Amino acid sequence: MALDVAAIRAHVPALKSGTARFDAPGGTQTPQPVIDAIAAALTAPLANRGRNTEGERNADRIVDEARSALADLLGTTPGTVVFGRSATQLAYDLSRTLAKGWGPGDEVVVTRLDHDSNIRPWVQAAGADVRWADFDPATGELRPEHLAAVLGPRTRLVAVTAASNLIGTMPDLPALASLVHANGAHFHVDAVHYASHAVVDLAATGADTLVCSPYKFLGPHLGVLTGRAELLESLRPDKLLPSADTVPERFELGTLPYELLAGASAAVDFLAGLDPEAGGSRRDRLVASFAALEAHEDALRERLERGLAELGGITVYSRAARRTPTLLFTVAGLRPADVYRQLVERAVDAPAGSFYAVEAARRLGLGDEGGVRVGLAPYTSAEDVDRLLAALGALER
């Protein structure tokens, strides 16, 4: 079904400011049901997890519900859902844990397409050398042959993005996973940007471990890691002596932010309701709702791309055959930061920079200055796109 954008927008208080927002790849605006869930968790009795007091039971319930919700979103099981402060923190934690088994001559592979949070934790991990997989800057594609060129007999881990937060490229994960696993290596996937726009299925991706961030898909700021259950059971992360040694708790450092977990559950439920006619399990409703979301975002992306082509003087770097509704571009005669500033003056928010994908920006020839990034979200309307195009047409060069 067609997405009811007006109904979605009515649930997002921040949109009342009147700004046309294209900053979703850096974090979406928050729907009222998510805000309400966070407030409800904080205003009810709350304590460390347990079964005796009301506060303990509330905390226990919130954690269980959040694991179940994120498992439905990611196509995995609740017992493999780990929460942390951010995807970056979880990647660092995982890298330190895995590196305990690496030694001289072992190698990790990272790509120049990735956000730095899926590069630096592996580059800085002790005990392994680093090899770089390139991508084609002309097309934005990261193809299996790019990865095959750098795999070796001592490759221990390969880290790849499911979707570039800079130019939207969505590599063929199953094909990459087959190469990695045939080589006997661990396949780690950064789905932070991907999970905002497409249904995640852990098994289908071929990932051994995968991370995402709810604040990219209408939720609060925290990180989520999941992975194959038998793998997580085999890992021994550093932890406090009295803290739980069960999975997933052994990976979670300190007390969880219960109110944020409540908000994450509400965000998943909000996404599952984007198609109000969908039935079945929450996973079924998520699949149907994401199908409607993809159709909506693809239509707006095509509208935007046509408009940018008509304006002239604009170079678009998002060119991959499969990509999210995320466009990176530059405007002839203007620095990206100046374009951003002029758009803000017209109540259009489309930020400029490399957005922590510094290796990708450099490979595209844009340096650390990057470009202007436009990202669509469930609440983006056709009117927003037209306002952006009009503002771009009115730039002072």
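All residue numbers refer to positions in the sequence shown, counting from 1. For clarity, every value in this text was computed on a predicted model and none was experimentally measured.
A donor-acceptor pair shorter than 3.5 Å cannot be found between the side chains of Gln342 and Asp338. A donor and an acceptor atom, one from each side chain of Gln89 and Ser86, are nowhere located under 3.5 Å apart. Using modelled atom types, one finds a donor on one side chain and an acceptor on the other under 3.5 Å when comparing Arg282 with Ser68.
Counting heavy atoms from C-beta outward, Leu308 and Leu327 have side chains that approach closer than 4.5 Å. At a threshold of 4.5 Å between non-hydrogen side-chain atoms, the residues Tyr258 and Asn58 do not count as touching.
Relative to the six-membered ring of Phe22, Arg373 misses at least one condition, a distance below 6.0 Å or an angle of at most 45° to the axis.
In this structure, Val268 is a member of the same hydrophobic cluster as Phe83, with clusters built from ILVMFWY side-chain heavy atoms closer than 4.5 Å. Leu274 and Val12 fall within the same hydrophobic cluster, where Ile, Leu, Val, Met, Phe, Trp and Tyr residues are linked whenever their side-chain heavy atoms come under 4.5 Å apart, directly or through other members. Under the 4.5 Å side-chain heavy-atom criterion for grouping Ile, Leu, Val, Met, Phe, Trp and Tyr, Leu235 is connected to Leu225 within one hydrophobic cluster. A single hydrophobic cluster is seen to contain both Val180 and Tyr194, as judged by linkage of ILVMFWY side chains at heavy-atom distances under 4.5 Å, directly or through other members. No path of Ile, Leu, Val, Met, Phe, Trp and Tyr side chains, each step under 4.5 Å between heavy atoms, connects Ile62 with Leu42, placing them in separate hydrophobic clusters.
With hydrogens and angles ignored, the 3.5 Å screen pairs no side-chain donor or acceptor of Ser117 with any backbone N or O of Thr88. Checking side-chain atoms of Ser289 against main-chain N and O of Asp275 turns up a donor-acceptor pair under 3.5 Å. Judged by distance alone, with hydrogens and angles left aside, the side-chain atoms of Asn183 form a donor-acceptor pair with the main-chain N or O of Gly152 at under 3.5 Å.
Between Pro137 and Leu364, the shortest heavy-atom contact is O-CD2, 3.7 Å. The minimum heavy-atom distance linking Thr169 with Gly140 is given by the pair OG1-O, 2.6 Å. Heavy-atom minimum distance, Pro13 versus Thr30: CD-O, 3.4 Å.
Screening residues 149-167 for salt bridge (Lys or Arg N to Asp or Glu O under 4.0 Å), with sequence neighbours left out, gives Asp106-Arg154, Asp106-Arg156. Note on residues 197-244: pairs passing ring-ring contact (aromatic ring centres under 6.0 Å, His included), not counting sequence neighbours, are His193-His197, Tyr215-His221.
Using a 4.0 Å cut-off between charged nitrogen and carboxylate oxygen, Glu302 and Arg323 do not count as a salt-bridge pair.
In the displayed structure, Arg61 atom CZ is contacted under 6.0 Å by more than 12 heavy atoms of other residues, nucleotides or ligands.
Residues passing the salt bridge (charged side-chain N to carboxylate O under 4.0 Å, His left out) test with Arg9 are Asp384, sequence neighbours excluded. Shown here are the ring pair (Phe, Tyr, Trp, His ring centres under 6.0 Å) partners of Tyr356, two or more places apart in sequence or in another chain: His115.
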What pairs of donor and acceptor atoms, side-chain ones from residues 127-136 against any protein atom, are under 3.5 angstrom apart with sequence neighbours left out?
residue: Arg131; atom: NH1; partner: Val150; partner atom: O; Å: 3.2
residue: Asp134; atom: OD1; partner: Arg363; partner atom: NE; Å: 2.9
residue: Asp134; atom: OD2; partner: Arg363; partner atom: NE; Å: 3.1
residue: Asp134; atom: OD2; partner: Arg363; partner atom: NH2; Å: 3.1
residue: Asp136; atom: OD1; partner: Ala138; partner atom: N; Å: 2.9
residue: Asp136; atom: OD2; partner: Thr139; partner atom: OG1; Å: 3.3

Donor-acceptor pairs under 3.5 angstrom involving side-chain atoms of residues 205-212: please list them, not counting sequence neighbours.
residue: Thr205; atom: OG1; partner: Leu202; partner atom: O; Å: 2.7
residue: Thr205; atom: OG1; partner: Ala207; partner atom: N; Å: 3.1
residue: Asp208; atom: OD1; partner: His181; partner atom: NE2; Å: 3.4
residue: Asp208; atom: OD1; partner: Arg228; partner atom: NE; Å: 2.7
residue: Asp208; atom: OD1; partner: Arg228; partner atom: NH2; Å: 3.2
residue: Asp208; atom: OD2; partner: His181; partner atom: NE2; Å: 2.9
residue: Asp208; atom: OD2; partner: Phe187; partner atom: N; Å: 2.6
residue: Thr209; atom: OG1; partner: His186; partner atom: NE2; Å: 2.8
residue: Thr209; atom: OG1; partner: His188; partner atom: ND1; Å: 2.7

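Here the straight-line distance linking atom CZ of Arg283 with atom CG of Asp72 works out to 7.5 Å at 0.5 Å rounding. Between atom CG of residue Asp190 and atom OG of residue Ser164 there is a gap of 9.5 Å, rounded to the nearest 0.5 Å.
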